[in-house]
Amino acid sequence: MPVPLYQAKAEFFRTLGHPARIRVLELLQDGPRPVRELLAEIDIEASSLSQQLAVLRRTQLVTATRDGNTVVYALSTPDVSELLRAARNILTDMITDQGLLLDQLRADADGHDRATDAARPGTDRTLLA
């Protein structure tokens, strides 16, 4: 019996659920890179990077080619870059919305504080400003 599409999507997104994997994919957006360059850019142990690259290879998000003693990784499809761009756009919108909400909360709190201060007898608002 085939895996339902929603389950396949969940597995796909679980694959993206590790910061080192995301960082590798981001770095590969600029083109193929040897492992030593990836290791220099990502602050993890070589064995951990190797494990993360294996996961990305297994899920076919990256390809690996050997050039002598050097293994070079590349994105398997430009769609991976599009997905990372879409995620960045979504996060930007979420953060912007959160910033607007924070501004509204601060304005509401400021208005509430002024109303509370005005209701208190003997409050000198110039001292509070």
Under 4.5 Å between any side-chain heavy atoms of [X] and [Y], yes or no?
X: Ile22; Y: Glu26; value: yes
X: Val62; Y: Leu28; value: yes
X: Arg58; Y: Val55; value: yes
X: Tyr73; Y: Thr63; value: no

Would you kindly confirm whether [X] and [Y] end up in one hydrophobic cluster when ILVMFWY residues are joined by side chain heavy atoms under 4.5 Å apart?
X: Val72; Y: Leu61; value: no
X: Leu102; Y: Met94; value: no
X: Leu91; Y: Leu25; value: no
X: Phe13; Y: Ile90; value: no

Minimal non-hydrogen separation, [X] against [Y], with atom names:
X: Gln52; Y: Ala20; answer: CG-CB, 4.0 Å
X: Val3; Y: Gln7; answer: CG1-CB, 3.6 Å
X: Leu27; Y: Glu41; answer: CD1-CB, 3.5 Å

Rounded distance (nearest 0.5 Å) linking atom [atom1] of [X] with atom [atom2] of [Y]:
X: Asp103; Y: Asp108; atom1: CG; atom2: CG; result: 12.5 Å
X: Leu49; Y: Leu39; atom1: CG; atom2: CG; result: 5.5 Å
X: Arg23; Y: Leu38; atom1: CZ; atom2: CG; result: 9.5 Å
X: Leu75; Y: Leu56; atom1: CG; atom2: CG; result: 9.5 Å
X: Arg36; Y: Asn69; atom1: CZ; atom2: CG; result: 10.5 Å

Check your understanding: side-chain contact (heavy atoms from CB on, under 4.5 Å) between Val71 and Leu53: does it pass, once the steps are laid out?
Key -> CA-CA 11 Å; Val71 179; Leu53 288 168; over 6 Å; no
Keeping the roles fixed (side chain from [X], backbone from [Y]), state whether a donor-acceptor pair exists under 3.5 Å.
X: Ser81; Y: Gln29; result: no
X: Ser48; Y: Glu45; result: no
X: Thr15; Y: Glu11; result: yes

**Study point:** Cationic N near anionic O, under 4.0 Å, Arg85 to Glu82
**Key:**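 Answer for the salt bridge query: no.
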Review point. So does Asp97 have more than 12 non-hydrogen atoms from other groups sitting under 6.0 Å from CG?
Key: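 Above 12, so yes.
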**Study point:** Heavy atoms of other groups near Asn89 CG, more than 12 under 6.0 Å
**Key:** yes
Exercise for review: Please lay out, stage by stage, how Arg106 and Asp110 fare under the test side-chain contact (heavy atoms from CB on, under 4.5 Å).
Suggested key: CA-CA 6 Å; Arg106 285 181 176 149; Asp110 189 38; over 6 Å; no
Exercise for review: Begin with the C-alpha distance, continue with both residues' side-chain angles, and end with the deciding distance and a verdict on side-chain contact (heavy atoms from CB on, under 4.5 Å) for Ile42 and Val24.
Suggested key: CA-CA 8 Å; Ile42 303 173; Val24 166; 3.4 Å; yes
Practice item. Decide yes or no on side-chain contact (heavy atoms from CB on, under 4.5 Å) for Arg21 and Leu16, but give the supporting numbers first. Key: CA-CA 6 Å; Arg21 289 183 218 141; Leu16 298 174; 6.0 Å; no
